[in-house]
Amino acid sequence: MDPALTTLLKTERGLWQGRSQYYTRKTLSTGFNALDRKLPAGGWSIGTLTELLVEQNGIGELSLLLPALATVTAGKQWGAFINPPYTPYAPALACAGVDLDYLLIVNTNNCADTFWSSEQLLRNGSFHAVVSWINASRGKQYTKQLRRLQLAAEQSNALAVIYQHERYSTQHSPAALRIKLQPATNSKACFEQKMDGLMLDVIKVRGGTETRLFIPAPAFDKPQGIEWPVVR
Amino acid sequence: MQTRKQERWAAVLLPELALERFERFKNQKQFEETPPANYSTCSDAQNIIAQATGSHSSNSLLSTTCKQEPLAVVQHTGNKRLIVNCNEIAHDIGVRSGLTLNNAYAICPSLLTIDYDETKQRQHIESLCLWATNYSSRVAPVMPDTILIEIGASLLLFGGIDRLIQKIQGDLNDQGITAAIGIAPTPEAALLLSQVYYQSGINPGYADTKDQIACLLSDIPVSALPLDEFTRKGLRQSGIKQCRQLFDLPATALSRRFGPACSELIYKLLGRIPSHYPEFQLPETFCRGIDLPLEAPDTSVLQFPINRLMHALCGYLRATESGIRTFDISLLHDKKSATRVTIRFIEANNNHQHLLRVATEKLATLTLQAPVTALQLKAVEVGPVGQSNMQLFDQNTNRSETVEQAIDVLGARIGHEQLYKPKLAQDHRPEHAWDTTRQPNPVDKTTHTRPLWLLPKPQAAPASIVIKSQAERIEYGWWDSNDVRRDYYIAQDADGRWLWVFKERRSQQVTNNESEKFMIHGLFA
């Protein structure tokens, strides 16, 4: 950095470096080294809202959170899923290392309840990971609710994540970190190299820049249990 | 005798009680403006109700009408109807207690009046006695408007006299009740001090020991003592104006002149002979009601009366060293059967804030068929307080709420059946290998790859899927009707979704088209 700038930063009280405040936040490793390196906080940052944009379920979107969730529940802290699109399958969660005794699942009836429940759990203080699936149509009320959620997340010490449909990626959001998730097959380069996995587009991050990274899919082609003579 | 020496009585005088029973809507408004910690909850619930019923202004309308109308309590004594008490607006116009009703109407034609109802007053005092058992096991109601609380034994627990009084005052404020509190080692002196406090508006101070009583009471006029008219007149004519002069007189002379009552009172005041007030006995079960002064069109205005009932309930629970697991709130309507709401808690608890919050959320989900005229709260299931609700050591720390509390609040609004913990089940059939629970899970993991999302019902897969794994055969349950024999694969569809698909494997005889198709059973999220 320019020495003149450094002296200015030191002498002027009204000047500070924009990024520095995000490094001091508490973080939780994502469990993916590549992703940890790309995020300015060095992992999921605690006490901010993270928005994950997904076009459709089943591309590995929840696996992205599981290492962090496993860390949270292993420390006897509670996690919660609010309004999951399908039944979270207990054997798979257990296999990923999530302690099911510390995971609360909340099925809500409507979007207002989803927002409300998420906010309640964030404000509760006993929940250290709150993951919500939001399927609302955008509107004035919606932006307000999202803002409320962001404020609740800021006052909490929880990992606050919301899943949203990918079509909202172009619209404004108060979330501190927004990542667009899509299967790698959608990208031409990956398709040609036959790379399976998840393509992450970081479209907004406080204290950082937009970036793109690839997380390979787990090896599914290992033998599944006892091999049977199978006719395909 | 050791315990006798340490007795400290707090006389809580509630002079405006009859009036405040009807003015609670005024306080409701106050309550909204200075909300407690659960601000978001209340306002959310109220907003939603207001939106649903389209009656956003009804609440504030109620509060403002009650606030601005002159209001007075009228007591029938023989043929006369006298004003006993009035609110500030009536007082400003010129209505005073002691006026006859006709005179009051002449001064203020628009005066609203309430008849003084002794049984209602007694019920309210009893409710407050229940609340007061929070602070002491010895509570005595003194009709018409005072509660005596023996606080000497509670001082250590509540951290000294100032904090205790602060707490009592705070609770009463929360219920919208004004009080004057007098404290002395004898009940009589405490009662007298509370009266003096109320009449003069100046706190005469608290007496710590019996020796201080005489000193503290010395400047109080004799007219404040609860003596009969004959004695008062006699004392006045003898030139005895202050208690100091009265205390200096020999007791025998007083007895000879005015009868034994006068000297007995002085002895009781100074604690030379013991006095007895019948102590409040806790009922076996808790069931209390409140009549609303105005019909409540929606449930948002019910928060204030519910809060009063909760104070009584919590007092009762603390006194019985128990927590509540289930209670019923009945909303009584005019000419219609009552609406009954049952509220359950995961753990028995006696935390006032929490009980009130859960009840508010539950009521907010209700759509009323008719306006509410009265409320009733009945404890159904009471049990020992759960571990996480023990409040002995964390009374003043600002600790976060417990998981159980969160589940209570969420369950009250969206239903307890919507909340669960995932659980592993001992079954190899994928659709039976999970369950919902509230109990701890057994530790047993499957080592196979399993999808994170399970579809409620398997769906037919499109033809374009690409199989990405070897097969895993699951064959199980041939002994019951849900026989499963499937080969599971991991596949990817054209959109890049990871699917968990299976193909039915049937014996040759039952082959049909269905079994040849791939079915999607889960998604790898």
Side-chain angles (χ1 to χ4, degrees), chain A residues 55-63 66 78 80 84-96 98-109 112-113 116-117 119-121 123-127 148 152 182-186 196 217-218 220-228 230 232, chain B residues 40-41 44 48 399-403 405-407 409-410 413-415 418-425 430 433-437 440-441 444-456 467-474 487-490 492-499 522-525:
Chain A
E55 197 186 342
Q56 54 184 342
N57 294 304
I59 56 165
E61 75 278 11
L62 188 56
S63 310
L66 285 186
W78 278 78
Y86 302 99
T87 310
Y89 194 45
L93 291 169
C95 203
V98 177
D99 189 342
L100 300 181
D101 281 335
Y102 292 93
L103 184 65
L104 180 74
I105 307 215
V106 183
N107 290 321
T108 54
N109 309 321
D113 278 355
W116 177 81
S117 307
E119 194 185 326
Q120 289 300 312
L121 294 186
R123 290 198 191 279
N124 176 278
S126 292
F127 285 83
R148 277 188 80 124
Q182 47 192 335
T185 42
N186 287 9
D196 272 337
F220 283 134
D221 50 357
K222 67 174 180 186
Q224 299 288 310
I226 308 154
E227 283 182 53
W228 292 75
V230 180
R232 283 204 181 169
Chain B
S40 58
T41 329
D44 253 17
I48 284 159
R399 212 173 61 97
S400 66
E401 295 164 45
T402 65
V403 174
Q405 288 182 339
I407 294 174
V409 174
L410 257 59
R413 172 147 154 184
I414 57 182
Q418 304 269 58
L419 308 167
Y420 66 91
K421 276 192 336 197
K423 180 196 166 194
L424 295 172
W434 71 281
D435 204 351
T436 63
T437 184
N441 267 295
D444 184 26
K445 287 178 194 171
T446 166
T447 50
H448 309 308
T449 312
R450 288 285 178 268
L452 280 163
W453 297 140
L454 191 74
L455 302 191
I467 302 291
K468 295 271 183 174
S469 78
Q470 294 179 357
E472 177 194 354
R473 175 156 294 182
I474 293 175
D487 284 335
Y488 276 87
Y489 302 90
I490 294 157
Q492 202 174 20
D493 70 359
D495 295 331
R497 294 197 297 169
W498 291 95
L499 310 172
L523 300 170
F524 289 88

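Here is the naming used below: chain letters follow the sequence lines, and residue numbers restart at 1 for every chain.
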As an exercise, state the distance from CH2 of B:Trp498 to CD1 of A:Ile59, rounded to the nearest 0.5 Å. 11.5 Å

Taking only residues two or more places apart in sequence or in another chain, which ones pass side-chain hydrogen bond (donor to acceptor under 3.5 Å, both in side chains) with A:Asn57? none

Using a 4.5 angstrom heavy-atom cutoff, name the option from A:Leu121, A:Val106, A:Leu62 with the most pairs to chain B. A:Leu62

For chain A, the option from B:Leu410, B:Asp493, B:Leu499 that forms the most heavy-atom pairs under 4.5 Å: B:Leu410

Report the residue from B:Leu455, B:Leu523, B:Leu454 that forms a side chain to side chain contact (heavy atoms under 4.5 Å, CB included) with A:Tyr89. B:Leu454

For B:Pro451 and A:Ala92 the tightest heavy-atom approach is O-CB, 2.9 Å

Do A:Ser63 and B:Phe524 have side chains that get closer than 4.5 Å, going by heavy atoms? no

Could you list the residues that satisfy side-chain hydrogen bond (donor to acceptor under 3.5 Å, both in side chains) with A:Asn107, not counting sequence neighbours? none

Return the minimal non-hydrogen interatomic distance between B:Ile414 and A:Asn109, and the atom names on each side. O-ND2, 4.1 Å

Non-hydrogen atoms of B:Gln418 and A:Thr108 that approach each other most closely: NE2-C, 4.4 Å

I want to check something: taking the side chain as every heavy atom from C-beta on, are A:Leu66 and B:Leu452 in contact at a cut-off of under 4.5 Å? yes

